[in-house]
Amino acid sequence: MSEQKPAGPHASTDSTSADVVVLTVPGMGSGHCAGLVRASIERLPGVLDIGTNISNHQARVTFQSGDTDAEAIRKAVERGGYEVTRVRQEEEEDIDERVEEEEAYVRNAWRQFRIAAIPTTLIMILMMVHMFMWPIPGYLAVVAILAFPVVFVTGRDTHRSAWRSLTNRTANMDVLISFGSLPPYLLGLIGFVYPMTSFIEMAATIMTFHLLGRYLENRSKGRASQAIKRLMTMGAKTAQVVRDGEEIEVPVRDLQVGDLMIVRPGQKIPTDGEVEDGGSHVDESIATGESVPVEKGKGDAVLGATINKEGVLKVRATRVGKNTFLAQVIRLVDEAQGSKVPIQAFADRVTSFFVPVVILIALASFVLWLTFAEVARPILEWGAGFLPWVDPTLPPAVLALMAMIAVLVIACPCALGLATPTALMVGSGMGAERGVLIRNGEAIQAFKDLKAIVLDKTGTITKGEPALTDVVAVEGTAEEELLRIAASLEAASEHPIAQAVVRSAKEQGLNLSEAGDFKALTARGVEGSVDGRSVKIGNRRLVAEAGASLAGLEDRLAELEESGKTAFVTLIDDQVAGLLAVADTVKEDSREAVEAIKKLGLEPVMLTGDNERTARHIANEVGIDQVIAGVLPEGKVEAIKRLQDQYGPHVAMVGDGINDAPALKQANVGIAIGAGADVAIEAADVTIVGGSLTKVVESIRLSRATFRKVVQNLFWAWCYNLAAIPIAAAGLLHPMIGVIAMTSSSLSVIGNSILLRRARLDNDS
């Protein structure tokens, strides 16, 4: 869920009594705000870990229960200038409540803006009439009354946040808005006793546009994180279960491991489980991104929130609640959206000093214009030639106040704070929709510099299970009959190779016979009887023992073995009837994926425990030149280290995430690839749901596209601030124009991030 912070200096090293609390902080809308929230909490004793996620306005705090408590954490955040609307234990989260909570942010922001917009619009109309048409009696009083609810009622949360921040010796972005609206309003009241220019209109306009920006940011961030919101609402609400022999309907949250669920056609599977009875096709697009339904039968695993297409399934629940695959996906996307790209570390360090520096620049601008207005007035005369809001005739005090306020409102670093989170929201959401789960921002930046990608052979390049590849019958024997007899005997064996033969025969619709006198022959094969005939299946040693001859098939047998396949001989009545060969076959998309990896400028490397001959054959089939063979699981870490010595810290590893876990951790980017809930997502930076290797290519392209958006956002946000502050300090920017520009800058960053959804991930990008 979060961007992590290490334990503070007061944290205890004993975490056995550690508790976790989650706070909802509506005002935490950018990276800068999140930094201030973390800084407020870090001062407490016993804080072990702090995570923040601006996409859902939440802070997750791990702490020693004996040193602090949830109430102390809440008060610390409020002292830092941020309101806390909810405090809960981590396990108490309800998805429906969370969706409603996030939607409430948008509704509340819209309500506040609407309340402010009505009187502000009236003020602007009255100002135009008063200035350009005819004087309005009691104009100042009318404007002051209309602006009061805008500045002090709808702006109350902003001012309260600013006050708390200042009293806590920090400076958040609300400080700038508060300083930009309160002084103009209060100074405007002087007009009741001393004739002077009114600034009340400016105060109302600044606060209204600030509220508009807050509403648009919340709405836009909602669009940016819509993928995770869809995931959160994707699961079934109720389940049909069999209890005490009766079928009843229960809420999904009440399901228990071991419950037998009845899933009818068109219904969502309530939670992760295993098919106990029935057969159907299941739409798993929510998990894998693939639209083609997958056939499911007895013993097959199914995932919660996937859709049963036609048959009735009886499913035994194996995972419930936060342990389900969907819950893990939501947690991973949460982590990605709350994580940080290393490139932003420098930006964050600068931003932490940004608000105090801006306040100093604003004060300096005020003093300089008040003192040297006549010296600087030529600047205004020059600007008045093309900027309609510049008035060189204004008195020094007015020029000084306008320059100070313009600096305050134009420099609000919202755009900088939104640069990375919004891009990560969109990128991680796109990945989740496609079955590509990117765990953190560090991986996104690391993808940019990759030079080599290591592919584990079994289960990554290949399907990970043996399949019958060749049937060679002697003259006078039909291949189908040879396969039928061999499969009939092998059906009595549980060996994976035997089951590959049986599976192939059934796929071809062959009617198998029941084998008799079945016997496994150690290191040689199996034997038995089929349809009253003696049948033996095994290696050369078995052929020799039977006194049979391989004449005519010796070359073919050697050829099959040379190609890395496991070949064996079938004998009927002690006469060689033919050959069968099985192999771990290459996935349909492996060659295409390897070609795409090369086009991305990466060197694909195969890593396998198989012998060199078999590994080379598979590598040649998919187009890989560099092969590391004969490596045991414990040796894979050393293999990755050697490649890092060769290519530097730019090596990715793709494996099944289980026995490859140490290598995935050692690699600069670990990519776990597997089928649904079986994948060990904790071992990797990126998880590919399903077994498609082309998804690895999509993850690289998506990460690179996301990183480009982060760089673009940071570049334009910095350019905006670096250019706008001097212009404002020079008196060439009206504060009202400044607040509009500030809002537009934030929205442009969000909009640029949303454009990431147009990235083409199925072609070179």
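For the pair L146 and L126, the minimum side-chain heavy-atom distance is below 4.5 Å. Residues I444 and R704 have side chains not in contact (no heavy-atom distance under 4.5 Å, counting atoms from C-beta outward). When side chains are defined from C-beta on, N713 counts as touching S753, because their heavy atoms get closer than 4.5 Å. When side chains are defined from C-beta on, I73 counts as touching V21, because their heavy atoms get closer than 4.5 Å. In this structure the side chain of I115 never reaches within 4.5 angstrom of the side chain of V153, judged on heavy atoms. Within the 4.5 Å cutoff, no side-chain heavy atoms of T120 are placed close to those of F209. A 4.5 Å side-chain heavy-atom check between L702 and M430 finds at least one atom pair inside the cut-off. Between P184 and M404 the shortest side-chain heavy-atom distance does not fall below 4.5 Å.
Every residue two or more places apart in sequence or in another chain that forms a salt bridge (Lys or Arg N to Asp or Glu O under 4.0 Å) with R74 is listed here: E71, E78. Residues satisfying the side-chain contact (heavy atoms from CB on, under 4.5 Å) test with L368, not counting sequence neighbours, are F372. For A147, the side-chain contact (heavy atoms from CB on, under 4.5 Å) partners two or more places apart in sequence, or in a different chain, are I123, Y185, I200, A204.
With W369 contributing its side chain and A729 its backbone, the two residues share a donor-acceptor pair below 3.5 Å. Of the possible polar contacts, none joining the H130 side chain to the P135 backbone as a donor-acceptor pair under 3.5 Å is found. Side chain of H159 to backbone of V151: a donor-acceptor contact under 3.5 angstrom is found.
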Are L755 and K709 close enough, and set up right, to give a side-chain contact (heavy atoms from CB on, under 4.5 Å), and what steps lead you there?
CA-CA 9 Å; L755 288 177; K709 284 299 178 186; 3.9 Å; yes
Applying side-chain contact (heavy atoms from CB on, under 4.5 Å), run through D157 and Q112 and close with a yes or a no.
CA-CA 10 Å; D157 291 341; Q112 288 195 323; 3.5 Å; yes
side-chain contact (heavy atoms from CB on, under 4.5 Å) assessment of L48 paired with F63:
CA-CA 5 Å; L48 303 175; F63 61 95; 5.6 Å; no
Working note: I359 + F179, criterion side-chain contact (heavy atoms from CB on, under 4.5 Å); need CA distance, chi angles, decisive distance, verdict.
CA-CA 9 Å; I359 293 174; F179 280 4; 4.3 Å; yes
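How far CD1 of I206 is from OG1 of T158: 12.5 Å, rounded to the nearest 0.5 Å. The CZ atom of R160 sits 5.0 Å away from the CD atom of E83 when rounded to the nearest 0.5 Å. With rounding to the nearest 0.5 angstrom, the CH2 atom of W110 is 12.0 Å from the CG atom of L211. With rounding to the nearest 0.5 Å, the separation of OG in S181 from CE in M207 is 3.5 Å. Of the inter-residue distances, the one linking R38 atom CZ with D49 atom CG reads 11.0 Å to the nearest 0.5 angstrom. Atoms CG and NE2, on D391 and H734 in that order, are 9.5 Å from each other to the nearest 0.5 Å.
In this structure, F192 and L140 approach most closely via the heavy-atom pair N-CD2, 3.6 Å. Shown here for L733 and A728, the closest heavy-atom pair between the two residues is CB-CA, 3.9 Å. Between T208 and A116, the closest heavy-atom pair is OG1-O, 3.7 Å. Looking at every heavy atom in both residues, A144 comes nearest to L189 through CB-CD2, 4.2 Å. The shortest heavy-atom contact between P726 and L722 is CD-O, 3.0 Å. Annotation for L370 and A397: closest pair CD1-CA, 3.7 Å, computed over non-hydrogen atoms.
Between F113 and Y215, the ring-plane angle classifies as parallel under the 30° and 60° cut-offs.
Each of T62, L44, I41 was checked for a side chain to side chain contact (heavy atoms under 4.5 Å, CB included) with I50, and the lone residue meeting it is I41.
No side-chain N or O of S40 forms a donor-acceptor pair with one of R79 less than 3.5 Å apart.
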